[in-house]
Amino acid sequence: MSKKQFIKRHHLIINKLRSNPCSFKELQKHLANHSIDADENYVISKRTFERDVNEIRDIYKIDIEYVRTINCYVIVHDADEVKTDRLMETFQIFNALSISESLSNQIILENRQPLGTENMHGLMHAIKNHFEVHFTHEKYWDEDHEKTKRTVQPLALKEARNRWYLIAKDTKDNRIKPFGLDRITDLDITRKKFIYPTGYNPEEVYRHSFGIITEDNNPPQKIILSYSYDQGKYIKSLPLHHSQRELVDDEKEYRIELLLHPTYDFLMELLSVGKEVKVIEPLSLQKKIVEMLVATLKQYSN
DNA sequence: GAGTGTATTACTTCGGCATT
DNA sequence: AATGCCGAAGTAATACACTC
């Protein structure tokens with residue numbers, strides 16, 4: 001537990017400064033109010049706070065600066081709030097679950113593969129400090145579940161479809177690729193520093209991706225989908241992609257426009273809602289869907 | 001007395017080292 | 001590995017001194 005304290009502390013600091021800028025003294029009071037006991041104490045020295053400010057900048061891309069005229073620390077550049085909130089939420093759930101063993105009957109969890117979040121803390125540290133890491137990676141695609149040893153340069157963590165991925169440069173072929181956290185075992189963080197690739201911006205790379213598959217060679221495509229009225233409500237409240245734009249919203253259909261790469265994972269997402277959605281554009285995607293459905297039908301036509 | 005340059009003050013910031 | 005303490009360096013605001 002104590003290992004994750006700094007993450008919680010970061011959240012407290014960010015939330016406080018977001019709601020209102022304040023001096024270090026006020027912030028300390030705020031942290032003291034949220035401390036429970038000696039085991040969960042968020043009161044820290046000035047020096048640690050200064051280090052936290054830097055870490056918050058590195059991890060969350062939130063700039064905190066001191067403004068002398070009002071004796072306050074202020075967030076001058078805030079990252080995408082949704083993103084940081086989401087990141088924090090995940091950690092909070094993770095923390096809550098590890099505390100609440102006594103409530104195990106009252107909290108019903110989906111039965112799924114572990115997400116590999118136990119490595120998250122270590123990986124965040126490695127990303128922050130530019131340390132190379134070793135791990136064993138298990139492929140799902142290969143039939144024999146081949147396990148390989150990897151040495152990679154961790155660049156970013158990314159969540160996609162309820163799974164977490166490490167975006168890292170594989171030293172074997174110098175290519176940047178995602179590794180599912182749940183497929184990583186025997187994580188070993190080395191002390192070997194690497195140079196962060198200049199100009200690499202994970203946010204930018206995944207901007208037009210639906211999930212974890214990237215396609216940097218082709219430009220993203222305009223995709224128009226027509227959802228049924230009922231399914232539309234879900235899509236409205238839980239957009240597929242940040243580029244989602246509403247075109248039609250009436251009792252007949254909910255039509256949206258997206259700008260992304262129609263990768264395999266996107267195709268699967270569309271197929272998962274069956275007849276509730278129809279691809280209007282582009283025709284190539286429409287064709288792919290039809291092909292898939294024909295192949296599916298074929299499986300039952302004996 | 002306004003304007004300008006300089007010294008002082010009161011801070012933050014940051015690296016190094018010790019402690020846990 | 002995370003944190004705290006210390007001291008050096010840096011800096012913005014203020015006070016002071018000087019000139020015109």
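Computation of the quantities below employed the complete heavy-atom set of this structure, encompassing side-chain atoms and omitting hydrogens, waters and symmetry-equivalent molecules. Every chain is numbered from 1, with letters handed out A, B, ... down the list of sequences.
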Peer 1: What nucleotide among dC14(B), dT12(B), dC5(C) has an atom nearest to a side-chain atom of K46(A)?
Peer 2: dT12(B)
Peer 1: Taking only residues two or more places apart in sequence, or in another chain, which ones meet V279(A) in a side-chain contact (heavy atoms from CB on, under 4.5 Å)?
Peer 2: L225(A), L270(A), L285(A), Q286(A), I289(A)
Peer 1: Report the distance from atom CD of E65(A) to atom C1' of dT13(B), rounded to the nearest whole Å.
Peer 2: 12 Å
Peer 1: With sequence neighbours excluded, what pairs up with E291(A) under the side chain to side chain donor-acceptor pair (under 3.5 Å) test?
Peer 2: none
Peer 1: Round to a whole Å and report the spacing from CZ of R9(A) to C1' of dA2(C).
Peer 2: 8 Å
Peer 1: Grab the CD1-C1' distance between I64(A) and dC14(B) for me, whole Å please.
Peer 2: 17 Å
Peer 1: Which of these, I223(A), L258(A), I256(A), sits in a side chain to side chain contact (heavy atoms under 4.5 Å, CB included) with H241(A)?
Peer 2: L258(A)
Peer 1: Whole-Å distance between dT12(B) P and N54(A) CG?
Peer 2: 15 Å
Peer 1: For the side chain of Y66(A), starting at C-beta, report the closest nucleotide among dT13(B), dC6(C), dT3(C).
Peer 2: dT13(B)
Peer 1: May I have the distance from K25(A) (atom NZ) to dT12(B) (atom P), rounded to whole angstrom?
Peer 2: 10 Å
Peer 1: Quick check: any donor-acceptor pair below 3.5 Å linking the side-chain of R47(A) to the base of dG15(B)?
Peer 2: yes
Peer 1: Round to the nearest Å and state the distance from F49(A) atom CZ to dA2(C) atom P.
Peer 2: 18 Å
Peer 1: Would you tell me whether R57(A) and N54(A) have side-chain atoms, one donor and one acceptor, within less than 3.5 Å of each other?
Peer 2: yes
Peer 1: Between D249(A) and R255(A), is the closest basic N to carboxylate O distance under 4.0 Å?
Peer 2: no
Peer 1: Atom CD1 of I44(A) and atom C1' of dC5(C): how far apart are they, to the nearest Å?
Peer 2: 14 Å
Peer 1: Would one find a side-chain N or O of S45(A) under 4.0 angstrom from OP1 or OP2 of dG4(C)?
Peer 2: yes
Peer 1: Taking 4.0 Å as the cut-off, does a side-chain nitrogen or oxygen of Y73(A) come that near to OP1 or OP2 on dT13(B)?
Peer 2: yes
Peer 1: Measure the distance from CG on N71(A) to C1' on dA10(B) and round it to the nearest whole Å.
Peer 2: 11 Å
Peer 1: Taking NZ, NE, NH1 and NH2 as the nitrogens, is one of them in R245(A) or E257(A) under 4.0 Å from a carboxylate oxygen of the other?
Peer 2: yes
Peer 1: F24(A) near the nucleic acid: base, sugar-phosphate alone, or nothing, with a heavy-atom cut-off under 4.0 Å?
Peer 2: nothing
Peer 1: Pull out every protein N or O sitting under 3.5 Å from an N or O of nucleotides 7-11 of chain C, one pair per line with the distance.
Peer 2:
from: dT11(C); atom 1: O2; to: R68(A); atom 2: NH2; distance (Å): 3.1

Peer 1: Is it the case that K149(A) places NZ or CZ above or below the six-membered ring of F135(A), under 6.0 angstrom from the centre and within 45 degrees of the axis?
Peer 2: no
